[in-house]
Amino acid sequence: MTKTIGFYGTGNMGRAMIQGLIQSKLYEAKDILIYDVYQPIVEKLVKELGVTPADGPENLAEKSDTIIFAVKPYVLPNLLKELSQNLTTSQVLISVAAGVNISTIEQALTSQHKVVRVMPNTPALVGEGMSALACNANVSESEEKEVLEIFNSFGKAQLVSENLIDAVVGVSGSAPAYVYMFIEALADGAVLEGMPRQQAYEFAAQTVLGSAKMVLETKKHPGELKDMVTSPGGTTIEAVKVLEDQGFRSAVINAVQAASKCNKRLS
Ligand SMILES: NC(=O)C1=CN([C@@H]2O[C@H](COP(=O)(O)OP(=O)(O)OC[C@H]3O[C@@H](n4cnc5c(N)ncnc54)[C@H](OP(=O)(O)O)[C@@H]3O)[C@@H](O)[C@H]2O)C=CC1
Ligand SMILES: O=C(O)[C@@H]1CCC=N1
């Protein structure tokens with residue numbers, strides 16, 4: 001029998017996962033049900049992607065085998081309470097909301113529900129997401145595998161213990177934002193030196209992509225890869241010194257910690 005997956009919330013993160021899932025071909029677009037309070041976004045996704053709009057929130061709960069909640073953190077507990085009569089203990093309920101603990105979700109429903117807390121990121125849209133998953137005790141091993149398959153379909157996914165989700169927010173959930181800032185800043189530097197802006201974005205983004213691939217594929221320590229670029233008395237060490245003088249590393253470490261702390265605070 002064909003399995004269905006439902007999404008509450010089709011904003012930035014919801015859309016990224018939906019598009020990633022369709023591109024991966026794990027689900028056919030018609031088997032993806034969506035519900036969002038903002039109707040224009042639903043119409044747009046139905047038209048552009050061919051997903052199925054639910055006839056209201058209860059209808060989505062009743063028709064979906066697996067459900068992903070991609071609404072804002074403060075919306076989630078009330079939404080779960082509203083749906084408590086429609087959600088069953090055989091469905092796998094996945095939340096991507098920052099700062100919402102598994103126990104908060106269980107309290108809004110019952111401790112018998114199958115709950116998975118996930119922290120994904122928006123590169124899911126292009127099949128290069130990074131997600132961390134934490135499951136409650138009601139999720140069976142085969143269901144755990146199915147959820148991993150969903151999140152691996154648009155990138156990479158790992159099971160973690162729930163207490164690591166705060167670190168995950170800092171290092172990957174929120175991190176695309178800092179990487180885009182870095183790309184923008186790299187390009188601004190090239191523009192300052194006279195390169196046209198569009199060309200500068202391509203040089204900067206491809207350099208970030210290639211450097212990330214080197215870390216993942218060579219498995220070398222990032223410091224060793226840095227040293228391979230840094231010729232004695234050369235251009236790179238001049239740039240490295242400026243970054244160290246201006247607190248680049250500690251700025252990034254503090255940023256990761258700030259996002260993690262905020263995630264803890266939200267819970
Ligand atoms: N953006 C990101 O990079 C990441 C986000 N997340 C998490 O994903 C969740 C969504 O974030 P994001 O996509 O950025 O937020 P968005 O605001 O872009 O999307 C949320 C959508 O949910 C809609 N919504 C509000 N209430 C309901 C409801 N009761 N039922 C269905 N839909 C509803 C919102 O409509 P309206 O705007 O009209 O309220 C909006 O369209 C958050 O919990 C966030 O913590 C996790 C990892 C990364
Ligand atoms: O900024 C946020 O709160 C969400 C969670 C991780 C990325 N975006």
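Residues: numbered from 1 along the sequence shown. Atoms within a ligand are numbered from 1 in the order they appear, just like the ligands themselves.
Closest to atom 40 (C) of ligand 1 among all protein heavy atoms lies Asp36 OD2, 3.6 Å. Of all protein heavy atoms, the one closest to atom 14 (O) of ligand 1 is Asn12 CB, 3.9 Å. The shortest contact between atom 5 (C) of ligand 2 and any protein heavy atom is with Ala98 CB, 3.8 Å. Of all protein heavy atoms, the one closest to atom 17 (O) of ligand 1 is Lys72 NZ, 2.7 Å.
No part of Arg15 comes within 4.0 Å of ligand 1, judged by heavy-atom distances. The backbone and the side chain of Val71 each have at least one atom closer than 4.0 Å to an atom of ligand 1 (non-hydrogen atoms only). Both the backbone and the side chain of Pro120 come within 4.0 Å of ligand 1, counting heavy atoms alone.
Ring planes of Tyr35 and Tyr8: perpendicular class, angle over 60° (limits at 30 and 60°).
The ligand atoms of ligand 1 that sit less than 4.0 angstrom from a heavy atom of Ala98 are 43 (O), 45 (O). Those atoms of ligand 1 with a heavy atom of Ala70 less than 4.0 angstrom away are 9 (C), 10 (C), 20 (C).
Relative to atom 1 (O) of ligand 2, the option among Ala259, Ser174, Gly173 with the closest non-hydrogen atom is Ser174.
Protein heavy atoms come within 4.0 Å of atom 7 (C) of ligand 2.
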